[in-house]
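For reference, the structure discussed in these notes is given below.
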Amino acid sequence: LIYLYEVNTIILGEERSSSFIKGVPFGLLEPGANAVKTLYLVNTGAPGDRVIDISIQSRPPNSAVDPAEPELDDMTETTRLLTVPTVDPLKIVQSVSYRHGLEAWPGLADLDTFDGDKWNPVRTSEALVNTKIECTGPSPLQVESVTYERESSTLIPLPTLQPPDENLVALLSIPSRATLHVPIPLTISVRNYHPSRSANIVMHLELEPSDGFIVAGLRSGRLPILMPGDEEKFTWKLIPIECGHVKIPQIKIIDKRPTLTSGTEPTAETVTQGEMVKIVNVRLASSLAQTTGDQLESGGTLGTVLVLTK
């Protein structure tokens, strides 16, 4: 008699049950002989311990049981209580990173910009979901073949998506490689995601004597007023003058119209300093860490360019 104290499945020979199996014959055993029955436990629920109660009863050959005198029954019973730990055979680990769309935004004169019922994928971010499946069971798992069948499917739910909440962001675009003394473009796209607040953007490119570039373009200037949902681009020409991994010149982007909480008055310091705007190197964005968004702060390290002789 075999009891299972969990909602799972036990299989013994042709018998299959989610509760108990009884009356499994082992036949007549001669002295010194043995018999083997294989019991399979199939766990379809959550991981944890499963308890199996096994009872083995034996009688001498040709012995009969008298219902009137059950105490004279020459029956021997052996019981065992087994605890079987079960674990998840596979572990699924997911991570999410976010990437800004690189297509140009439609202008404010485009009527689709003000159509609230039309979804504009250009103004959204892309979520890159990385799913890693690991074998965590006590036995190794070797995948010999994979067959797709319409009757069976495995559902892996997506993690909760929490894209960065950004009002202003600057996207930096620059080639990963350059040739010595051959100009390359460095483009900054400043986007205003705020639904109702305009931005007053000032840009500074600070070139140090140790930098390996000559810069052609405005070093310091002010962009036109950036309306809600608008985008402005600015491009420099960088001429590499040394080989190797050359650091991109430092760029600072400042919003001279800082956000003020209700009840506070603007001060001369907040108006003068403004607020720094995040800069995201789109070439490195796909390798940035997970949902928190390890985006580069304005004025921080923006990456390097590999400069070759030819």
Side-chain angles (χ1 to χ4, degrees), residues 1-98 127-162 286-287 289-292:
L1 186 64
I2 302 175
Y3 289 96
L4 181 64
Y5 300 113
E6 288 288 342
V7 181
N8 288 277
T9 303
I10 49 176
I11 304 173
L12 187 58
E14 299 297 328
E15 299 286 338
R16 183 186 185 98
S17 176
S18 61
S19 55
F20 65 91
I21 298 175
K22 65 179 181 178
V24 179
F26 277 76
L28 180 63
L29 295 181
E30 299 292 339
N34 60 72
V36 177
K37 294 284 186 178
T38 302
L39 172 68
Y40 293 95
L41 168 62
V42 180
N43 171 35
T44 58
D49 291 342
R50 301 295 184 264
V51 179
I52 301 178
D53 188 5
I54 299 179
S55 172
I56 300 177
Q57 301 174 352
S58 61
R59 292 185 178 87
N62 302 322
S63 63
V65 180
D66 187 358
E69 297 179 337
E71 66 276 2
L72 299 179
D73 183 14
D74 189 10
M75 186 268 290
T76 303
E77 182 178 16
T78 303
T79 60
R80 291 291 186 271
L81 189 65
L82 304 181
T83 300
V84 181
T86 62
V87 298
D88 285 326
L90 300 174
K91 179 182 179 182
I92 298 176
V93 180
Q94 293 180 317
S95 60
V96 183
S97 60
Y98 296 93
L128 306 179
V129 181
N130 180 29
T131 301
K132 183 179 181 181
I133 301 177
E134 300 177 346
C135 178
T136 57
S139 303
L141 178 64
Q142 181 178 357
V143 180
E144 297 183 353
S145 64
V146 177
T147 303
Y148 293 97
E149 299 180 1
R150 294 184 179 181
E151 291 77 10
S152 63
S153 62
T154 300
L155 300 180
I156 301 178
L158 288 176
T160 302
L161 300 181
Q162 297 177 346
S286 59
S287 62
Q290 319 307 329
T291 54
T292 54

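Predicted model, so just to flag it, every value in this text is computed and none were measured.
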Can you list, pair by pair, the side-chain donor-acceptor contacts under 3.5 Å of residues 27-40, counting residues two or more places apart and other chains?
none

Residue list, salt bridge (charged side-chain N to carboxylate O under 4.0 Å, His left out) with E134, at least two apart or on another chain | K132

Throw together a table of side-chain donor-acceptor distances under 3.5 angstrom for residues 75-83, partners on residues two or more places apart or in other chains.
| from | atom 1 | to | atom 2 | distance (Å) |
| --- | --- | --- | --- | --- |
| E77 | OE2 | S55 | OG | 2.5 |

Side chain to side chain contact (heavy atoms under 4.5 Å, CB included) partners of P60, counting only residues at least two apart | S63, D74

Among residues two or more places apart or on two chains, list those pairs meeting side-chain hydrogen bond (donor to acceptor under 3.5 Å, both in side chains) that have a residue in residues 84-94.
-> N43-T86, Q94-T131

Nearest-0.5 Å distance, CD1 of residue I10 to CD1 of residue I52 | 7.0 Å

Between V42 and N8, what is the shortest heavy-atom contact and its length?
-> O-CB, 3.3 Å

V96 versus A127, closest heavy-atom pair with distance | CG1-CB, 4.3 Å

